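No hydrogens, no waters, no symmetry mates; every other heavy atom, side chains included, goes into these values. As the structure is a prediction and not an experimental result, all values here were calculated from the model.
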Amino acid sequence: MAEENRSFTDESTNLEPESKNFIENFIDEDLKEGKVKEIKTRFPPEPNGYLHIGHAKSILLNYGIAQEYNGTFNLRFDDTNPVKEKTEFVDSIRKDVEWLGADFENRMFFASDYFPIMYEKAVFLIQKGKAFVDDLTAEEIKEYRGDYNTPGKESPYRNRSIEENLRLFTEMKEGKYQDGEKTLRAKIDMASPNINMRDPILYRVSHMSHHNTGDEWCIYPMYDFAHPIEDAVEGISHSLCTLEFEDHRPLYDWVVQECEFPFPPRQIEFAKLYLTNVVTGKRYIKKLVEDKIVDGWDDPRLVTIAALRRRGYTKESLAQFVKLSGISKAQSSSDYSLLEYCIREDLKLKKPRYMAILDPIKLVIDNYEGEGEILSIPNNLENEDLGEREVHFSKELYIERDDFMVDPPKKYKRLTMENEVRLMGAYFVKAVSYECDEEGNVTVVHCTYDPATKSGSGFSERKAKGTIHWVDAKTAFTAEVRLYEQLIDEEKGKLNADGSLNFNPNSLTVKNCYLEKILESAEPLESFQFVRNGYFCVDCKDSTEGHPIFNRIVSLKSSFKVN
């Protein structure tokens, strides 16, 4: 559907608008009818974990809408639950949002900034007879609430006087009650078909230190009460959120209406971005981190934004992925291959192509004389603007093990005892003998070269069967290279029968490899194409000066096609 494929208008992504999506249609209606004059959006994460790829959709959508309508965009932390929140998560989220290019300028807020206002509004609701202090336990509240087939029952404390409720709520704030001993609940409708409207809890007692307010408060607002107040105080025009909040919208509207905010925000829900066979749930990721199955929230096998950045994904590739995944009301999943397609498309013309040997055997050119020579090799055959580099060539080289076969299959176009091949940017070579270890594995291939076949010489008397890449043994340096596959076994699915995650045992393979000398000075997060082996990025966490570690971002080829 056309309305599902609207792009995000951000200069950093270079994506052009295609057609209006349903959110933009709603906004256009509100502007036309005079319901709003200025568009204000926000991204409101809870600081209880790192952001993942799904959050990128929300960030880019909210920021893109603000940009499109010449409005403003806020970053606001919904930090109403001190049990799970950490400053570490606040810092990581801010870094992710800034990296994606969503400019919130100086508008970074915290729900905790509004705790005094929320308390005042709670008192206001009590004074209106719209809220009461309840003594029921959490289990009793759940029992009284009923279910989809059974209406709820009113709490026996529901009809306390306004004066008693004000006194009890003040005592809650003063710390006179233990956790769970009392709650403040809205007085709405226990027979409502929407269970969220059955006298929901607005405040609970929690004697926890808060990352932002310390020990100032021992009562904390519930998310469903705090969030609409935050939006209203900031003057948010449209509260864009995912579909799980659709059933909460009546409560959102009730809060802003009963608290008598003059310009209530409009909540609009859209479908989450789901990615096949990946771990996005914070609970799962937290356990992976705690069990040391991964080396942190930014482990390159994860799809947190920090992990994708560390692995080498670009903000442009994530924006393109979100764009192609679309904006709609219908739940669907995007294939992981689409994400890989987007990074390949983004890097293929931007990055130089260097030679690296991941599974080496030695190639000795028996008839090559001298100390070696310097060859000039293009950095990217598809982009001449990236220029050329000088590469040392000598008698002994390293080539990939699968670039030589003793008994090759039909149509094999690499080096054999019969096939003559070109060494990339260099000469034609032909194998004459080989050496093996005790297990029969080839370790050294001896060959001869034809000096007349040098690249760029214009030689055309015969053609080589194929071209293989190489690294000069004399100048090569060794480095750790990490090859990644998905953390979850794609064929078996995400979960085992017992509900545990079904891990791929080959999700990480570490190799010590030979690379061109130029790569020894590569900087953290700098990325390249390694000829035939994929796109790689210098790890920003474990690399040290002069000792880069390379993470494979993605392989070069895939059968995936964009529809």
Side-chain angles (χ1 to χ4, degrees), residues 44 78 80-81 111-138 140-147 150-174 176-177 179-206 217-236 239 241 245-267:
D78 266 321
T80 60
N81 186 3
S112 52
D113 295 336
Y114 311 131
F115 280 174
I117 299 174
M118 294 173 192
Y119 181 79
E120 291 174 7
K121 291 300 183 182
V123 170
F124 180 62
L125 291 178
I126 293 173
Q127 292 171 334
K128 288 179 66 176
K130 296 291 185 177
F132 68 98
V133 174
D134 196 5
D135 292 2
L136 293 179
T137 66
E140 290 171 334
I141 290 175
K142 183 178 180 181
E143 179 184 346
Y144 273 58
R145 185 177 289 125
D147 55 34
T150 308
K153 297 186 298 183
E154 292 185 355
S155 167
Y157 306 99
R158 194 177 195 267
N159 295 316
R160 279 172 163 158
S161 68
I162 290 175
E163 292 72 22
E164 184 180 9
N165 282 318
L166 289 172
R167 175 180 62 82
L168 292 172
F169 190 51
T170 300
E171 291 175 351
M172 287 171 61
K173 179 178 179 291
E174 293 172 346
K176 293 187 178 181
Y177 302 107
D179 293 3
E181 191 172 349
K182 292 188 187 298
T183 58
L184 180 71
R185 296 177 65 184
K187 192 183 291 187
I188 306 180
D189 180 8
M190 289 302 293
S192 172
N194 186 333
I195 293 179
N196 295 300
M197 300 297 283
R198 296 182 185 178
D199 292 3
I201 297 173
L202 305 181
Y203 266 88
R204 78 282 196 193
V205 178
S206 181
W217 297 86
C218 64
I219 57 171
Y220 291 98
M222 302 299 288
Y223 179 89
D224 278 344
F225 179 63
H227 187 75
I229 292 176
E230 297 156 29
D231 284 345
V233 169
E234 292 178 13
I236 300 303
S239 176
C241 56
F245 294 102
E246 187 170 29
D247 289 342
H248 296 250
R249 192 198 318 152
L251 179 55
Y252 182 101
D253 294 340
W254 183 92
V255 170
V256 292
Q257 178 181 339
E258 293 297 341
C259 288
E260 299 182 12
F261 286 104
F263 303 105
R266 177 178 183 177
Q267 178 174 306

Step-by-step side-chain contact (heavy atoms from CB on, under 4.5 Å) determination, Met197 to Trp254: CA-CA 9 Å; Met197 300 297 283; Trp254 183 92; 4.2 Å; yes

Under 3.5 Å donor-acceptor, Thr150 side chain and Gly146 backbone: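 No; judged by distance alone, with no hydrogens or angles, the pair does not exist.
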
[X]: partners by side chain to side chain donor-acceptor pair (under 3.5 Å), with sequence neighbours left out:
| X | answer |
| --- | --- |
| Glu140 | Thr137 |
| Arg145 | none |
| Asp113 | none |

For the residue pair [X] and [Y], what are the closest heavy atoms and their distance?
| X | Y | result |
| --- | --- | --- |
| Ala131 | Leu202 | CB-CD1, 4.2 Å |
| Trp217 | Lys173 | CZ3-CE, 3.7 Å |
| Thr80 | Pro221 | CB-O, 3.5 Å |
| Ser206 | Asp179 | CA-OD1, 3.4 Å |
| Tyr144 | Pro156 | CE2-CD, 3.7 Å |

Residue pairs passing the salt bridge (charged side-chain N to carboxylate O under 4.0 Å, His left out) test where at least one lies in [range], sequence neighbours excluded:
| range | value |
| --- | --- |
| residues 222-235 | Arg42-Asp231, Arg76-Glu230, Arg76-Asp231, Arg76-Glu234 |
| residues 186-203 | Arg158-Asp199 |
| residues 117-129 | Lys128-Glu258, Lys128-Glu260 |

Please identify each residue that fulfils side chain to side chain contact (heavy atoms under 4.5 Å, CB included) with [X], with sequence neighbours left out.
| X | value |
| --- | --- |
| Asn196 | Asn194, Asp247, His248 |
| Asp253 | Arg249 |
| Pro151 | Ala191 |
| Pro200 | Ala186, Ile188, Leu251 |

Heavy-atom side-chain contact between [X] and [Y] under 4.5 Å:
| X | Y | answer |
| --- | --- | --- |
| Leu168 | Met172 | no |
| Ile141 | Thr183 | yes |
| Phe225 | Tyr203 | yes |
| Arg160 | Asp135 | yes |
| Ile201 | Leu184 | no |
| Tyr252 | Pro264 | no |
| Lys182 | Ile219 | no |

CA sep, side-chain torsions, deciding dist, call: Tyr157, Val133, side-chain contact (heavy atoms from CB on, under 4.5 Å): CA-CA 7 Å; Tyr157 306 99; Val133 174; over 6 Å; no

Stepwise side-chain contact (heavy atoms from CB on, under 4.5 Å) test for Val205 and Lys176: CA-CA 10 Å; Val205 178; Lys176 293 187 178 181; over 6 Å; no

Modelled atom types, side-chain donor and acceptor of Ser155 and Asp134, under 3.5 Å: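 The criterion, which ignores hydrogens and geometry beyond distance, is satisfied for Asp134 and Ser155.
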
Parallel, tilted or perpendicular, as decided by the 30° and 60° cut-offs, for the rings of Phe169 and Tyr119: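 Parallel.
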
Any residue meeting ring pair (Phe, Tyr, Trp, His ring centres under 6.0 Å) with Phe132, in chain and number order, not counting sequence neighbours: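 Ring pair (Phe, Tyr, Trp, His ring centres under 6.0 Å) check on Phe132 returns nothing, list empty.
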
Those residues that, when tested against Tyr223, pass ring pair (Phe, Tyr, Trp, His ring centres under 6.0 Å) (two or more places apart):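 Here the qualifying residues are His227, Phe245.
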
Short N-O contact, Arg167 and Glu171, less than 4.0 angstrom: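 Between Glu171 and Arg167 there is a salt bridge, with a charged N closer than 4.0 Å to a carboxylate O.
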
Test side-chain contact (heavy atoms from CB on, under 4.5 Å) applied to Ile229 and Phe261, step by step: CA-CA 9 Å; Ile229 292 176; Phe261 286 104; 4.0 Å; yes

Point-to-point distance, once rounded to the nearest 0.5 Å, from SG of Cys259 to NZ of Lys130: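 Cys259 SG to Lys130 NZ: 11.5 Å, rounded to 0.5 Å.
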
